[in-house]
2 protein chains.
Amino acid sequence: MSQKIFVSAKEVAERAGVSRSAVSRTFTPGASVSEETRRRVMEAAEALGYHVNHLARGLMRNESGIVCLIVSEMDTPYRASLIRAISRHLQNAAKIAMLINTDRSDRSVDEALKLAISYRADASIVLSGMPDKSITDLCVKSGQRLVLINRDEERAGALMINLRDQEAARRAFIAFQRAGCRSFAFANSDVGTPSLMAREEGFRAAGREFGIDVTVERFGPTRYQSGVVLAQRLLTREVRPDAIFCANDLLACGVMDTARHQFKLAVPDDLCVVGFDDIEQSSWSSYQLTTFAQPVDRIAEEAVSWLSQPMTDDGQFCRMTADLVWRESVRGG
Amino acid sequence: MSQKIFVSAKEVAERAGVSRSAVSRTFTPGASVSEETRRRVMEAAEALGYHVNHLARGLMRNESGIVCLIVSEMDTPYRASLIRAISRHLQNAAKIAMLINTDRSDRSVDEALKLAISYRADASIVLSGMPDKSITDLCVKSGQRLVLINRDEERAGALMINLRDQEAARRAFIAFQRAGCRSFAFANSDVGTPSLMAREEGFRAAGREFGIDVTVERFGPTRYQSGVVLAQRLLTREVRPDAIFCANDLLACGVMDTARHQFKLAVPDDLCVVGFDDIEQSSWSSYQLTTFAQPVDRIAEEAVSWLSQPMTDDGQFCRMTADLVWRESVRGG
DNA sequence: CCCGCTCTTGCAAGCGTGTGCAAAGGTTTC
DNA sequence: GAAACCTTTGCACACGCTTGCAAGAGCGGG
């Protein structure tokens, strides 16, 4: 029963009493078909349940309509919301997303990527923190368009979307100062993703600018549990920080929870915390975290719309501002 | 510069001094090629950077290696972790995932699905709560294999993975009883997903079994904010519940936060809460939620491995147990 | 030495499309 | 009425691959 499920253009043509080319042209935007034939073709197609075979179309046109999403730790709230936004925008643009999971850095990633290339994906959107350049190399070598989100890698022909991380870090610093904080710390993971490092550097720079010492601690992956460890390290220092800027909301949640439950500190009275990303959890009443919102939807929109624009030779930068969302984890505001 | 990027089997054949068929056979597992030719082909392929064009291969073989993931609310922690697990397992099986976002129930979903079908996806894995049968109809009609996760829809030829929701609900009920709770409530969203309804029904049934009344409240989508509203409704009742089983961890987080911060209740002293899914947030120290763990990885493994098995005509059921993870939101334990 | 067998290889026919080209048909212009 | 033009249509080839088929190569047995 499973054989011969799909109808081909040929069958539609026969039913409609036209040539196969006419069918093809009916489904090709901008092709020359009379209103009458188009109508008859559409009718026959409807009746037979015809869908253009995109494998064949991709083969001919040498463009598949496939966009691959290269992403690690996709179950992280920020990443997940970005994937969602991108997939929605791709769908609106009549493109389709292929998902490549780069969590394990072993050869399986390479295989998956090669697989995606084998499907002749037109473009790749990289939202993986992993700074593995060989991956993006492979994409470019395969003639794909490339969108890099929150990476500092510079590439001819690619679209690079970044946030003004340093500027945000400076704003966080100033917010802490306004709240009357004295001892400043930055809590980072040790993965060294460009955007995270930019936040750290921005915070350090603000410290230098205002002549205030900044303590920096780094540990583990960019997750809640690392926040716990970072808080334990920072809050047992001789001079206990009363302001912690976290590279990420997940870290911030870990820091807040640990400060409150393990060290019995009140936030924001004893300790001010600022995060980054504005994940959903930050708005939960246990956290009410003051944080910088990534313009997720605008990032997705920008990335997808760029894919439909004609290719330029040089790279293009797109810097966005992360707005500060005031909640309750910093005094004042 | 962009033209003529990909090398074809023909070019590899020329370089290796063999026929195009030999190249094809080299990359077809189980085909008949001598060790010598295989070596020479591989060498040439390596040198030229050849990848089999899966569009063409899919066209010939009438199977594409593409599996589409049909999912709504993919930024929800449970869904995101499931997507991650599935994509990893698919990659190991040398298949590739296409992502279909069914958040908006308008025509764009239909379009996206048709698009996936146009790529001749071999299978669909549905982890969308949305009970839109027309979607799965379309998949089956296109000869796809179908995996339904946490849906009660019954389908010939499909694999249906479900949890023993009712049994879990009964265990929750008993845990509440052991903790000495008197007044039982179930907090549900109003989307009516089968698995959520099964939990509700299981909890109700346990109430009948033990001769205890169960209050049920339903509201909104299955998210944190609904939990807030549900708690407000439940905790202002004349007889205030001291045990709330939530259909979902997100609801549970909303319920706990509201109970604590708005109603100044202590969990678990004044109120016991049990959730479902065991999302990451449940283990955060602000919640320490006792909950049922979905065996995410086993679900993914089961789904993917089934895709590689020969098709049987009748449907196949796979029921898994959700283990109770004891934390601190229920007394005793 | 020939037959039959196994293993390998090339040929060529497809898979379902898009599209250049030329022919056909229709309309306008002079 | 003819010429010039535009629109529409069908033919046929190309895209890169798989695979049935038959022919070739090698080899042992009778």
Side-chain angles (χ1 to χ4, degrees), chain A residues 3-42 44-45 48-66 115 117-122 142-143, chain B residues 3-42 44-45 48-66 115 117-122 142-143:
Chain A
Q3 256 13 42
K4 196 53 192 169
I5 284 183
F6 293 106
V7 289
S8 72
K10 187 177 159 203
E11 303 169 55
V12 176
E14 277 165 13
R15 187 182 229 263
V18 297
S19 80
R20 206 186 46 71
S21 324
V23 177
S24 182
R25 284 191 245 267
T26 300
F27 290 97
T28 303
S32 162
V33 211
S34 74
E35 215 39 64
E36 167 64 8
T37 22
R38 152 165 277 123
R39 197 187 51 70
R40 287 169 58 188
V41 167
M42 286 307 248
L48 267 50
Y50 170 75
H51 300 268
V52 177
N53 185 332
H54 273 62
L55 297 178
R57 169 178 281 184
L59 187 57
M60 268 304 297
R61 288 217 187 134
N62 215 15
E63 75 176 38
S64 58
I66 296 171
L115 199 55
I117 288 174
S118 300
Y119 285 103
R120 302 298 188 257
D122 299 330
S142 309
Chain B
Q3 259 7 47
K4 196 55 194 163
I5 284 185
F6 293 105
V7 289
S8 70
K10 186 177 161 203
E11 301 168 56
V12 176
E14 276 165 12
R15 187 183 229 262
V18 296
S19 78
R20 213 179 46 254
S21 327
V23 177
S24 182
R25 283 192 246 266
T26 300
F27 290 97
T28 303
S32 164
V33 212
S34 72
E35 216 38 66
E36 167 64 9
T37 21
R38 153 165 276 122
R39 197 187 50 70
R40 287 169 58 189
V41 168
M42 285 308 248
L48 267 49
Y50 170 75
H51 299 270
V52 177
N53 184 330
H54 273 62
L55 297 180
R57 168 176 281 184
L59 188 56
M60 269 305 296
R61 290 219 184 131
N62 215 13
E63 73 176 41
S64 58
I66 296 171
L115 198 53
I117 287 173
S118 301
Y119 285 104
R120 301 300 187 255
D122 299 330
S142 309

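Protein chains get the first letters and strands the later ones, always in sequence-line order, with residue 1 at the start of each.
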* Asked: When the C1' atoms of the five terminal pairs at each end define the local axes, what inter-axis angle does the helix from C:dC1-D:dG30 to C:dC30-D:dG1 show, to 10 degrees?
  -> 50°
Among [options], which nucleotide sits nearest the side chain of [X]?
{"X": "B:V18", "options": "C:dG10, D:dC11, D:dC17", "answer": "C:dG10"}
{"X": "A:M60", "options": "D:dC13, D:dT19, D:dC15", "answer": "D:dC15"}
{"X": "A:V52", "options": "C:dC15, C:dT17, D:dC15", "answer": "C:dT17"}
{"X": "A:T28", "options": "C:dG10, D:dC17, C:dT19", "answer": "C:dT19"}
{"X": "A:S19", "options": "C:dT17, C:dA13, D:dG10", "answer": "D:dG10"}

* Is A:S21 close to A:R25 at the side-chain level, that is, under 4.5 Å between some pair of heavy atoms? -> yes
* Asked: Base, sugar-phosphate, or nothing: which does A:Y50 touch, judged by heavy atoms less than 4.0 Å apart?
  ->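 Contact class for A:Y50: sugar-phosphate only.
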* Pairing residues for A:E63 by the side chain to side chain contact (heavy atoms under 4.5 Å, CB included) criterion, not counting sequence neighbours ->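 A:E63 satisfies side chain to side chain contact (heavy atoms under 4.5 Å, CB included) with A:R61, A:D122 once adjacent residues are dropped.
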* To do: Mind jotting down which residue pairs meet the salt bridge (Lys or Arg N to Asp or Glu O under 4.0 Å) criterion with at least one end in residues 28-40 of chain B? Sequence neighbours excluded, please.
  =>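 Listed once each, the pairs are B:E36-B:R39, B:R39-B:E43.
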* **Gap separating the NE2 atom of B:H54 from the OG atom of A:S64, nearest 0.5 angstrom** =>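 B:H54 atom NE2 to A:S64 atom OG measures 13.0 Å (nearest 0.5 Å).
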* Please identify each residue that fulfils side-chain hydrogen bond (donor to acceptor under 3.5 Å, both in side chains) with A:S142, with sequence neighbours left out. => none
* **A:A22 or A:R120, whichever maps to the more 5' nucleotide of DNA chain D** => A:A22
* Quick one, which residues of residues 30-38 of chain B touch DNA chain C with a heavy atom under 4.0 Å? ->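 Within residues 30-38 of chain B, the residues near DNA chain C are B:S32, B:V33, B:S34, B:T37.
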* Taking the six-membered ring for Trp and the full ring for Phe, Tyr or His, determine whether the centres of A:Y119 and B:Y119 are under 6.0 Å apart. =>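 That pair fails the under 6.0 Å test.
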* Might you point out which heavy atoms bring A:V41 and A:V23 nearest each other, and give the distance in Å? => CG1-CA, 4.1 Å
Under 3.5 Å, N/O pairs linking protein and nucleotides 21-27 of chain D:
none

* To do: Tell me whether the OP1 or OP2 atom of D:dG16 has a side-chain N or O from B:S8 closer than 4.0 Å.
  => no
